[in-house]
Amino acid sequence: MTNMDPQLEKWCFRPGPYLGEISALSFYPLPSHVSSYPLLLAGTGSELLVYNLISETLLYSFKAFDGVRVHGISLQSSADPLVALFAEKKVKLLRLSVEVQPLCVRLEITSQLPRFDQWVLEAKFLGDDGYLAVGLSDNSVALWDVGCSTVFARVKYPESCLLYSMRIWGENVDALRVASGTIYNEVIVWRLDHQVLHAPVSSLDSINKSTLLVDIDIEFKQFHPIHLTRLSGHEGSIFRIAWSYDGFKLASVSDDRSARIWMFSDNETQKQCSNENLGVHSSNTLVLFGHNARIWDCHVSDFLIITAGEDCTCRVWDMNGNMLLTFKEHTGRGIWRCLYDQNSSLLVTAGFDSAIKVHLVHCPSVTELKNDEKMLNCVNGMIENFSIEAPQITRLHDLMDSKSEYVRCLYLGQEYILYVATNNGLLYHVDLCNFESVRWFQIAQVGRDSPIICMDVILIHSCELPFSEYLVALGDGLGNATVMKLVSSKSTSRVVLSVTWTAEKERQLLGIYWSRSLRYGKCSHLFTIDPRGALKLWRVENTLTYNMEGNYANPKVSFIADFASYFGARIMCVDASASEEVLFCGDQRGNLIVYPLSDDLMNAESVEKVKTVSAINQFKGAHGISTVTSVTIAALDAYQVEICTTGGDGCICYFVYDKNLQVFEFVGMKQVKDLATVQSLYTSSNSCEYAIGFTSADFMIWNLSNGTKMLEIPCGGWRRPYSYHLGVIPECQYCFAYVKDRNIHVYRLWEPAHQRLQYPRILHIQYHGREIHTLCFISFLQQSTEGKRCDSLIATGCEDGSVRLTSLGSFWESKLLGEHVGGSAVRSICFTSKIYAIVADHDCSAIIDASHCSKDEPFLLISVGAKQVLTSWRLQNRRADATVKHVISTESGSASCSSRQKLLSVSFQWLSTHVPTKFVSPQRRVNKSYKTNELGKTSATDSDANDACISESIKKSFSSFSTDIVENDWRYLAVTAFLVKHVDCRFTTCFIVVACSDATLVLRALLLPYHLWFDVALLMPQQAPILALQHVAVPVHKNTIGINQSRVAHIVIGGSTDGSISFWDLTETVENFVRLVLEYQSHLLIDLQRRPQTGRGSQGGRWWRYLTNLRSEKEMRSASRSKFCNGSKISESSENSSPESSCMQKNNHSSDSESSSLHNQRNVSPFLVRREVLPLLVLSSVHQSGANCLHVSEMRGPLLGKSGPIFCVVSGGDDQALHILAFHFDVPVENSGLSSDYGTDLSNAIQDVALSQPSGSSWIKRCSFSNVGNDHRLRILKRQTIYSAHSSSVKGIWTDGIWVFSVGLDQRIRCWKIQPNGELFERAHVVISVPEPETLDVVAYGRRYHIAVAGRGLQTIDFSAPCDEN
């Protein structure tokens, strides 16, 4: 390592909070007069957090260690409470001070134990003796005298073994019991014994110095281990052990996915002998199976057993081994810790995803739960579970047939009112006020020979009145529709008006729905549905009048509109908006259709002729091939409508419909993985949103706001009749009824919301559940003045495929943007904050900063990862003072919320995803051609004469490709992107360079707003995969024949696994592509994929159309050319282009006339030949192994006397070294004058790259090829390598031309200053809490730098540069 300043300015670094896994939990009981709930202590990273469980607030945060994770917490409850924290081989004692009014906590270190030679697995205060027992991984116990602050004994179990876990029980040394979980699938139970020795006093001095011996004489006592028992039965290593409070039960969990409870009798645990046969009989062992993966933690109380595992579930068992509850609310690598307080009935879980969740679980001794109940947050005596039978069904006990009486429809009007429709046309009102004496009232009978098929009910007057008014719509098997108005009280209902008419043919009426938003005066509107997808709208007059005297006018029914079927599939849900004049429908095959709904149609007094309404647009496959279960409309502004849909694929999808353009756009999706189907959404009075649906056989309500399961009831699935009713706070006000075995089963909990706290609760923000591979700051939002810190936004990508946005202001806040296809890991992410404009003269260009652009300009977040998934997210900055409806997830799942917080002032939505195309037959590709119809949608038609030749040539060229139909495991490793806009067109092009693990580097283009993907160029040659990519825009000024011109040169720099760094010049490639796009004909645009390929039902069986990437034989022959690299001539045909691309660009060297001629002849896009760009410069062996990271920035101030902008590239590798390279571009006075004619041999266009090489630069490898038409040359000015810059691999690096920040696996961030001569000099370093850091990014505001490091968690660090340093 280089010489470091002797006075390292550590004060410059201020580490921020750590957001990552929770590794330790403990309760601290408060005095009964203060609170009946304990305080919660949680260890995360190197910090200890103290929480108030009542107010859900963080009382205190204390950093205990540097760079090591807190493994465990032990407390001593006394007048002067102590806390023992242990991490790896360290133990610290802290004094806990609690003040009551107001409740506040303080922690201070009292002592630190000497560093042990083994890892610390357990710490236990022995209050009676004043000792702290420390359990170590070599199966030894050290005794620490708290008063004297000395280790006075260490006793080791005689058998040599390694441990994964240890737990100590007892309040003094005599009662001490040690349970050790070994890697040999056993639990060894032993204790400490002592005997009195009559040693002379003079011998004590020498004995006290030997503090870490096996047998120590202290006060004439010698300690030695006594074996008690060996517990065998597990088939895997023992991960965790837990003693019961009385010491008679021991729980162990293992790698074999089982938990075992070992029962000890009183004489066995207290026996003072070393009997090897002392053990536990098989009859006293309880084995618990149920987890699907390894079990990490366990807890034993008097009546309950708690286990938590890698499958992200926490399971609650009784003492008979019956599973009572299952919580599955964490994500990622599992739940690390679980804790249960029997006095307050609080269960706390925490895991890798950083969340701390609190549940209320009462012991079965207080609230006896049946084995088949999965009710959560149980309250004593408040849950009602009962079953009822209809009067007619009660008398039937034989086998059922088509004429038997059974329940067809249910509807819960209120928590005590249930409407039941049966197979024989009967409608009942059921009084549920007293579940012990349920009363039935027959309201009406709708036909004697036809069953009731469908029913819908709406409340038209508030239930705050002495009675409630309902409109009931019924459809029967004969095709008749019946509307009744009911006046209901708690005890009964009566029909005040009724009307019946023929709505469909016999057996054709399958659905009937009220339109809750279409109410005009005294009229209500009703939709009826047939099996073929047709929809009819009926107006029912005189149904909304309210009369206290009971005088009601006769209703009148009018058929006002017939909506034509579009896909021919049955409509499953509808929603209409009178103000927006639209009607949205979802069908059985996952499609979404929109119809016009004009005011003239709705307000017409008389309907002489029924109008047939055609669809104005559709979205095919909105939920893949799964049913759309609900659709909801919400207005965004005067021109846009937001549509929220739920489906049978377990997803909640969000769309925006433009009323002017009449087009759909998919903007977001939330997948509720625990639900097989989402039936609907519900928003409570406190703006919390809930997803209501089913697993395979259970009804479930999922809280989207905090990502927790609110309710789960086994009912047999969604195909049977069911109904639910929720109150203002669903956690304590819900009612669910379903039919099973001819009975109606009802679950009900209804209590005032203010009488108890709401559970589950989240104390700590939920974050990524796996390792974070990449992060980047959303840089254009950082607008702060000198000396003032602004809130930062960080985008992160994770191993589980999720992309999140996190706010780092005064408090943490995180949003889930979405997930990659199939949950593929996100390896790299970048944000585009500038737009580079190209004017008509291609030699001129400009840089447009994002902050100066209109809000309609797209600024993209690009993420890439495994399975070659490339996803783009559009970010639009909105005003912070405007309340905007957002279609993303807050915390761990709020899918839609309104807020005025700063983080929510940015709108995020999924834009497009590019994935490799799967192998399909050539016949399927070419048998149909596509053209756009008058609606702007794509339809398949017969090929015309002009397109026939295209199809024929594609067929021929397809046969020349040898495609490997076996899916590979290639992944994208790095990405960089930039935006380019031509001033003469309305679209913007995002150029994206992606590096793949197969050592390919591709330049792709995303054409906005068309969502079209193009493969523009292949960057080659590459001998090794690229690990890091950076784009730099270099302003270049040249003087040609007395004319000053300026442009922006687009340079891409990559670091490879072989330690080399390469430069590519993409300037001409980008400019030529943009010019060619101007000639692109809009009618050739193809309707591409418009929703991400994620979620059940969206993959497999559906073929996404894309622009053909195959070339004709003529084009492939003309594309064959010679390439020169390293002085060798290589003949290579363009046939090697990958068929996975969406489109290819015509070679830039082709003449304009030939390009135009080819385009006119074929009438297709000219982007059919992908260009291959050779590197401008390759620097080999910069690092001895992989170049993991690199960053480029313009340097501040002159270097070596050169004028013009100078850039530096800093890189870090697996060789623990840092490398810095300074370069700039030279511009000749005149152009080279080289012809760009396509037919010119490339050997005539070779130019030597002029390099100003420092002495000893043998590691620079010159590339003898430069792009045709290049008018600038790269010069190397300075380079430096710092060996052993870190003590392990360098994983992240960043520079602004003044300071350089690097992070390595040694968990150190090092700060380097770029000296005036271009060399690096270390100024400071800091230890971070993030284990295994993988990435780093920095944002600067003034002299202050905000650093973010991610790996197994996320941490931020502030760095302040001294005034004299800048």
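No donor-acceptor pair closer than 3.5 Å links the side chain of Ser254 to the backbone N or O of Ser258. In this structure, Thr110 contributes its side chain and Leu93 its backbone to a donor-acceptor pair below 3.5 Å. Side-chain atoms of Asn320 never come within 3.5 Å of backbone atoms of Asn322 as a donor-acceptor pair (strictly under, hydrogens ignored). Remark: the backbone N or O of Cys688 is not paired with any side-chain donor or acceptor of Ser705 at under 3.5 angstrom. Panel note: side chain Ser354, backbone Gly20; a donor-acceptor pair is recorded below 3.5 Å. Checking side-chain atoms of Arg14 against main-chain N and O of Asp1358 turns up no donor-acceptor pair under 3.5 Å.
Within a 6.0 Å sphere centred on OH of Tyr245, heavy atoms belonging to other residues, nucleotides or ligands number 12 at most. Atom NZ of Lys328 sits in a sparse spot, with 12 or fewer heavy atoms from other residues, nucleotides or ligands closer than 6.0 Å. In the displayed structure, Glu99 atom CD is contacted under 6.0 Å by at most 12 heavy atoms of other residues, nucleotides or ligands.
Minimum interatomic distance between Ile772 and Ala1350 (heavy atoms only, all atoms of both residues): CG2-CB, 3.6 Å. When all heavy atoms of Val68 and Ala87 are compared, the pair lying nearest together is CG2-CB, 3.9 Å. In terms of heavy-atom proximity, Leu48 sits nearest to Gly43 at CD1-N, 4.4 Å. In terms of heavy atoms, Ile22 sits closest to Ala42 at CG2-CB, 4.3 Å. Closest of all the heavy-atom pairs between Gly321 and Leu288 is CA-CD2, 3.5 Å. Here the closest heavy-atom approach between residue Gly127 and residue Gln76 is recorded as CA-NE2, 4.2 Å.
Checking Leu711, Asp674, Val672 one by one against Met700, the side chain to side chain contact (heavy atoms under 4.5 Å, CB included) holds for a single residue, Asp674. Screening Arg333, His768, Arg1352 for a side chain to side chain donor-acceptor pair (under 3.5 Å) with Glu21, the sole residue that qualifies is Arg1352.
With contacts defined as side-chain heavy-atom distances shorter than 4.5 Å, the pair Thr349/His330 qualifies. Looking at heavy atoms from C-beta onward, Pro29 lies in side-chain contact with Ser77 at the 4.5 angstrom threshold. Looking at heavy atoms from C-beta onward, Val358 lies out of side-chain contact with Pro760 at the 4.5 angstrom threshold. The closest side-chain heavy-atom distance from Ser802 to Leu816 is below 4.5 Å. Side-chain contact check for Leu126 versus Glu171: every heavy-atom pair is 4.5 Å or farther apart. Leu85 is not listed as a side-chain neighbour of Val91, based on a closest heavy-atom distance of 4.5 Å or more. Side-chain contact between Val348 and Lys357 is absent, with no heavy-atom pair separated by less than 4.5 Å. Side-chain contact check for Thr57 versus Tyr51: every heavy-atom pair is 4.5 Å or farther apart.
Ring pair Phe239/Tyr164: centre-to-centre distance below 6.0 Å. Ring pair His725/Tyr734: centre-to-centre distance not below 6.0 Å.
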For side-chain contact (heavy atoms from CB on, under 4.5 Å), just list the numbers for Tyr131 and Lys124, CA-CA rounded to whole Å, side-chain angles, deciding distance to a tenth of an Å, and then say yes or no.
CA-CA 9 Å; Tyr131 300 146; Lys124 180 72 169 64; over 6 Å; no
List the steps and the verdict of side-chain contact (heavy atoms from CB on, under 4.5 Å) for Thr313 and Ile335.
CA-CA 7 Å; Thr313 64; Ile335 303 177; 5.6 Å; no
Please determine whether side chain to side chain donor-acceptor pair (under 3.5 Å) holds for the pair Ser814 and Arg804, giving the CA-CA distance in whole Å, both sets of side-chain angles, and the decisive distance to 0.1 Å.
CA-CA 7 Å; Ser814 180; Arg804 300 186 72 95; 2.8 Å; yes
Full working for salt bridge (Lys or Arg N to Asp or Glu O under 4.0 Å) between Glu56 and Arg761
CA-CA 8 Å; Glu56 304 179 53; Arg761 320 181 91 182; 2.6 Å; yes
List the steps, then state whether side-chain contact (heavy atoms from CB on, under 4.5 Å) holds for Leu681 with Glu689.
CA-CA 7 Å; Leu681 298 178; Glu689 194 167 18; 3.4 Å; yes
Residue pair Ser23, His71: steps toward the side chain to side chain donor-acceptor pair (under 3.5 Å) verdict:
CA-CA 6 Å; Ser23 54; His71 288 166; over 6 Å; no
Before giving the answer on side chain to side chain donor-acceptor pair (under 3.5 Å), spell out for Asn703 and Glu731 the whole-Å C-alpha distance, their side-chain angles and the decisive distance to 0.1 Å.
CA-CA 9 Å; Asn703 190 328; Glu731 282 80 2; 3.3 Å; yes
As a quick check of understanding, evaluate side-chain contact (heavy atoms from CB on, under 4.5 Å) for Asp297 and Thr307, giving each step before the final call.
CA-CA 6 Å; Asp297 199 8; Thr307 58; over 6 Å; no
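Between atom CD1 of residue Ile73 and atom CZ of residue Phe27 there is a gap of 11.5 Å, rounded to the nearest 0.5 Å. In this structure, CD in Gln1355 is found 9.5 Å from OG1 in Thr44, a value given to the nearest 0.5 Å. Put simply, CD1 on Ile356 and CD1 on Ile762 are 10.5 Å apart, with the number rounded to the nearest 0.5 Å. Distance CD/Glu712 to CG/Asp698: 4.5 Å, rounded to 0.5 Å. Summarising the geometry, atom CH2 belonging to Trp296 is positioned 11.5 Å from atom SG belonging to Cys312; distances are rounded to the nearest 0.5 Å. Of the inter-residue distances, the one linking Ser1329 atom OG with Leu1354 atom CG reads 11.5 Å to the nearest 0.5 angstrom.
With no hydrogens or angles considered, no side-chain donor-acceptor pair links Thr1356 and Tyr18 at under 3.5 Å. No hydrogens or angles considered: nothing links the side chains of Asp66 and Gln1307 as a donor-acceptor pair under 3.5 Å.
A cation-pi contact links Lys92 to Phe65, judged by a cut-off of 6.0 Å to the six-membered ring centre and 45° from its axis.
Remark: Asp311 engages Arg315 in a salt bridge, criterion side-chain N to carboxylate O under 4.0 Å. Between Arg770 and Glu799 there is no salt bridge, since no side-chain N of the basic residue sits under 4.0 Å from a carboxylate O of the acidic one.
Aromatic ring pairs are classed by plane angle as parallel below 30°, tilted from 30° to 60° and perpendicular above 60°; the pair Tyr682 and Tyr690 is tilted.
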